[in-house]
Amino acid sequence: MQRITVLGAGAMGAGLTRPLVDAGLDVHLWGTWLDDHLIDAIEAGQPHPRINVVISDKVTTYRSDQLAEAIEGSDVVVMSVSSEGVPGVAKLALPLLGDAEAIWMTSKGFCPDPDGNIQLLPDALRRIAGELGVTIPPIVAIAGPVKANECADAKPTATMYGCRDIEVAKTAARAARTPNYAIAASGDEVGVEICAPMKNVYAISLGIADGLEEATGVPHHNLKAAAFAQAIREMSLLGQKLGARPETAYDLPGVGDLEVTGLSGRNKVYGVRLGRGEKPDEALAEMTRLEQTVEGVPATGLAMTLVSQRASDIAGQLPLLFAINDILQGKVSDVLAAVTQAVLPVRP
Ligand SMILES: NC(=O)c1ccc[n+]([C@@H]2O[C@H](COP(=O)([O-])OP(=O)(O)OC[C@H]3O[C@@H](n4cnc5c(N)ncnc54)[C@H](O)[C@@H]3O)[C@@H](O)[C@H]2O)c1
């Protein structure tokens with residue numbers, strides 16, 4: 001594998017180019033119609049506005065009207081746009097893949113199909129390819145504790161690449177790993193993929209525990225740790241219902257990514273606001289005003305629908321997901337009691 005094209009010049013797409021360049025690959029970076037200012041900064045040698053890191057001049061940049069040129073001759077194409085951009089970019093890019101041997105994907109989220117069935121993103125890509133009548137190569141789902149700015153700066157980072165065909169995941173891992181970017185190959189596409197949106201949901205509960213400390217002056221570290229453990233259990237259970245291996249949630253995509261998401265990030269910050277006593281709608285409006293998208297909020301609703309569609313028999317084993325949903329719906333007057341009840345289960 002030699003040439004790789006990353007679709008999306010946002011924080012993660014641009015950040016990922018660093019290990020790819022360091023691994024000796026010929027890296028193309030395509031910016032969507034929303035990314036012209038980001039491509040301008042990269043081409044001018046200025047720090048990327050979202051991650052404050054200069055992107056290597058070995059990266060060849062392309063603008064939105066140059067998609068075919070960007071992809072031509074690529075061995076791998078990486079989907080790195082936000083989940084809401086995935087269907088639109090997929091429709092443009094999938095017919096152009098040529099002889100590409102794999103699609104990698106850092107995008108995270110759920111994607112409802114036209115009938116309202118909640119799909120994980122690789123399933124959505126396969127569906128869209130089917131609708132377009134094009135055949136696509138294997139998909140490698142990428143997830144783990146990766147902050148784009150640290151990745152872009154070659155700080156030590158570990159991540160997991162998951163594909164239904166473990167040999168494809170291993171090939172990808174061999175091609176992109178560097179001394180500072182370690183890749184674990186996995187055959188568990190679903191397990192890698194389900195953790196990505198769910199950790200945004202659960203990070204809200206970790207933020208709530210921190211917000212309670214801010215509001216009361218009293219640490220709620222035990223509650224936060226109990227919520228963390230419950231979140232991982234629930235991610236593992238939900239993943240298993242969808243065909244994932246139980247252990248993937250206990251690895252980099254679950255434990256690792258929830259840890260990094262719970263340290264900082266918009267979902268945790270939103271939870272802090274709730275823990276401090278702000279109303280869910282008001283807190284969200286304020287974050288929207290600050291141009292801070294809280295992915296965990298829509299993901300909570302989509303996860304609830306997913307559970308009702310495909311995992312209703314384990315709904316009783318997902319009390320933290322249900323508690324977070326109740327809190328976001330404004331149904332809870334005492335968030336401390338709601339989270340406590342969800343994460344201190346009576347066990348036999
Ligand atoms: N930032 C991180 O540390 C990180 C780490 C791992 C994975 N991710 C995931 O990678 C994806 C991108 O995240 P990011 O941090 O780069 O976000 P970002 O906001 O910096 O960039 C978003 C990218 O998606 C594109 N996009 C957004 N809306 C679109 C639309 N409606 N149509 C077409 N394109 C659209 C933008 O043009 C841009 O290229 C997300 O799914 C995110 O969860 C991010």
Side-chain angles (χ1 to χ4, degrees), residues 5-19 28-42 47-53 55 59 61-65 67 70 77-94 104-111 120-122 124-125 128 140-153 155 157-162 181 183 192-201 203 252-254 256-268 288 290-299 302:
T5 297
V6 180
L7 305 181
M12 195 57 226
L16 184 66
T17 63
R18 176 64 190 267
H28 292 188
L29 178 64
W30 175 78
T32 75
W33 45 95
L34 302 172
D35 294 346
D36 281 348
H37 61 303
L38 304 176
I39 297 287
D40 287 344
I42 294 169
H48 188 289
R50 304 240 168 98
I51 50 179
N52 204 27
V53 177
I55 304 304
V59 174
T61 49
Y62 295 87
R63 293 178 187 255
S64 57
D65 60 353
L67 182 59
V77 171
V78 190
M79 182 68 79
S80 264
V81 297
S82 310
S83 55
E84 68 269 26
V86 168
V89 172
K91 282 177 192 150
L92 296 174
L94 297 185
W104 298 0
M105 187 147 71
T106 70
S107 307
K108 297 176 176 177
F110 296 117
C111 183
L120 295 176
L121 293 180
L125 276 194
I128 292 166
V140 179
I142 300 178
V146 180
K147 299 297 277 188
N149 58 331
E150 294 185 31
C151 182
D153 205 21
K155 295 283 185 289
T157 297
T159 187
M160 185 173 277
Y161 283 27
Y181 184 72
I183 305 168
V192 170
E193 202 59 34
I194 186 72
C195 291
M198 293 308 295
K199 56 90 189 168
N200 287 333
V201 174
L252 293 166
D257 210 357
L258 185 59
E259 166 67 9
V260 94
T261 307
L263 288 172
S264 61
R266 299 162 182 186
N267 297 289
K268 174 241 162 72
T288 305
L290 297 170
E291 295 188 13
Q292 297 187 336
T293 311
V294 187
E295 286 182 298
V297 172
L302 293 169

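Remember, it's 1-based here, ligands and their atoms both numbered in the order they're listed. Residue numbers count from 1 along this sequence.
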query = Would you call the rings of H28 and Y62 parallel, tilted or perpendicular, where under 30° means parallel and over 60° means perpendicular?
reply = tilted
Atom [atom1] of [X] and atom [atom2] of [Y]: how far apart are they, to the nearest 0.5 Å?
X    : Y    : atom1 : atom2 : value
N267 : Q292 : CG    : CD    : 10.5 Å
D153 : I51  : CG    : CD1   : 9.0 Å
Y181 : T157 : OH    : OG1   : 8.0 Å

task = Check each protein residue for a heavy atom under 4.0 Å from ligand 1 and list those that pass, ordered by chain and number.
result =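 Shell around ligand 1 (4.0 Å, heavy atoms): G8, A9, G10, A11, M12, T32, W33, L34, D35, R50, S80, V81, S82, S83, E84, G85, V89, T106, S107, K108, V146, K147, A148, E295.
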key: Within-4.5 Å side-chain heavy-atom neighbours: M12 and V146   = yes
query = Excluding sequence neighbours, so at least two apart, what forms side chain to side chain contact (heavy atoms under 4.5 Å, CB included) with S64?
reply =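 If we apply the side chain to side chain contact (heavy atoms under 4.5 Å, CB included) test to S64, skipping adjacent residues, the hits are W30, W33.
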